[in-house]
Amino acid sequence: MNPYQQLYRQLHRIHGPQGWWPLLRKSGARIACRYHPDDYRYPKTSRQRFEIGVGAILTQNTNWGNVEKALINLATHSLLDARAILNANPEHLKKLIRPAGYFNQKTTKLRLFAESYTAWKGTIPHRDTLLGIWGIGPETCDSILLYAYQVPVFVIDAYTKRIFKHLGLSSETDYETLRRSCEQALPREPALYQEYHALLVAHAKRYYSKKPYGKNCPLQLS
DNA sequence: AACCAGGACGTGA
DNA sequence: TCACGTCATGGT
């Protein structure tokens with residue numbers, strides 16, 4: 001068992017199943033964001049796939065709690081939909097996604113993504129196609145592929161690099177290089193990649209969000 | 001009150 | 001390639 005597999009086992013033992021990507025749901029009269037650690041059939045609709053893309057864009061360098069507020073605002077105005085976003089007044093969009101920060105840039109990003117999304121007509125976009133959209137970088141691109149389309153790409157984020165470095169697993173900083181080494185070390189199973197990235201984030205939020213990074217981190221690779 | 005959050009892009013060396 | 005500045009809100 002290689003170090004990447006060891007790390008996954010330990011993370012899963014510590015934190016349990018995560019059930020990413022979180023999706024909006026009506027709970028009672030209200031709308032809330034819910035994980036689904038017991039059901040990996042999500043997303044179930046094209047609309048939910050789009051929602052994942054929107055969430056992935058909105059969460060760029062932004063706390064997920066703020067993103068939820070923006071998502072709920074969009075949903076309450078029936079704007080969590082590609083065509084609806086294209087037809088909406090950009091100034092109105094700005095107000096709704098305001099809590100997610102960078103609302104000027106993100107409004108443009110959402111409209112560009114919505115435009116492409118409708119053009120794909122339900123087909124899975126190629127990685128290069130996604131990366132060609134202004135506002136979609138490697139992490140956002142791979143999050144969309146992995147969580148919206150079940151494409152087995154390993155998502156790298158700042159937390160991933162931080163944890164890998166602290167554990168002496170890898171000090172690689174280049175996104176593509178690190179992604180390839182992860183994918184080479186692990187079976188190409190979407191559900192595994194989905195859980196792995198979610199677990200790294202969960203773990204980093206606990207032990208790697210304030211300096212000194214990794215203080216009290218219980219992980220140990222042999 | 002500074003620091004951080006599930007980044008991406010533009011610029012200049 | 002790489003380092004830096006910019007974008008912006010809200011929680012701790």
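Note that the coordinates shown come from a computational prediction; the quantities given were computed from them, not determined experimentally.
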Open item on the list: Counting primed atoms plus P, OP1 and OP2 as sugar-phosphate and everything else as base, spell out the protein contacts along nucleotides 7-12 of chain C at 4.0 Å heavy-atom distance: B, S or - for each nucleotide, 5' to 3'.
Closed with: BBBSS-
TODO: Would you jot down, in residue-number order, the residues of residues 132-143 of chain A having a non-hydrogen atom under 4.0 Å from DNA chain B?
DONE: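 Output list: A/I133, A/W134, A/G135, A/I136, A/G137, A/P138, A/E139, A/T140.
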Return the set of residues passing side-chain hydrogen bond (donor to acceptor under 3.5 Å, both in side chains) with [X] (not counting sequence neighbours), or none when no residue passes.
X: A/R180; result: none
X: A/S116; result: none
X: A/T62; result: A/K106
X: A/R127; result: A/D142, A/E176

TODO: Measure the distance from CD on A/E176 to P on B/dG7 and round it to the nearest whole Å.
DONE: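 After rounding, the reported distance stands at 16 Å.
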Task: Atom-pair distance (CD1 on A/I97; C1' on B/dG7), nearest Å - done: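 In whole Å, B/dG7 C1' lies 15 Å from A/I97 CD1.
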- [ ] If a pair satisfies salt bridge (Lys or Arg N to Asp or Glu O under 4.0 Å) and one of its residues is in residues 204-220 of chain A, list it, with sequence neighbours excluded.
- [x]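 The answer is none; no pair qualifies.
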Task: Where at least one partner belongs to residues 63-92 of chain A, residue pairs that pass salt bridge (Lys or Arg N to Asp or Glu O under 4.0 Å), sequence neighbours excluded - done: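 Sorted pair list: A/R47-A/D81, A/E91-A/K94.
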Task: Separation between the P atoms of B/dA8 and C/dG10, rounded to whole Å - done: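 Nearest-Å result for B/dA8 against C/dG10 at atom P: 22 Å.
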TODO: Using side-chain hydrogen bond (donor to acceptor under 3.5 Å, both in side chains) as the criterion, point out the one residue from A/K109, A/Q105, A/E139 that pairs with A/Q60.
DONE: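 Considering A/K109, A/Q105, A/E139, a side-chain hydrogen bond (donor to acceptor under 3.5 Å, both in side chains) with A/Q60 is found only for A/K109.
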TODO: List for me each residue that meets salt bridge (Lys or Arg N to Asp or Glu O under 4.0 Å) alongside A/R13, sequence neighbours excluded, and say none if there are none.
DONE: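 With sequence neighbours excluded, A/R13 shows a salt bridge (Lys or Arg N to Asp or Glu O under 4.0 Å) to no residue whatsoever.
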Task: With A/R188 via salt bridge (Lys or Arg N to Asp or Glu O under 4.0 Å) - residues at least two apart - done: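 Residues passing salt bridge (Lys or Arg N to Asp or Glu O under 4.0 Å) with A/R188: A/E183.
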Open item on the list: Applying a 4.0 Å non-hydrogen cut-off, can you work out what A/Y35 is touching in the nucleic acid: base, sugar-phosphate, or nothing?
Closed with: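 Base: the residue A/Y35, judged by heavy atoms under 4.0 Å, touches a nucleobase.
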Just the table, please: protein N/O against nucleotides 11-13 of chain B N/O, every pair under 3.5 Å.
none

TODO: Identify, residue by residue, the members of residues 210-221 of chain A with a heavy atom below 4.0 Å from DNA chain C, and return them in order of residue number, or none.
DONE: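 Nucleic-acid contacts, sorted: none.
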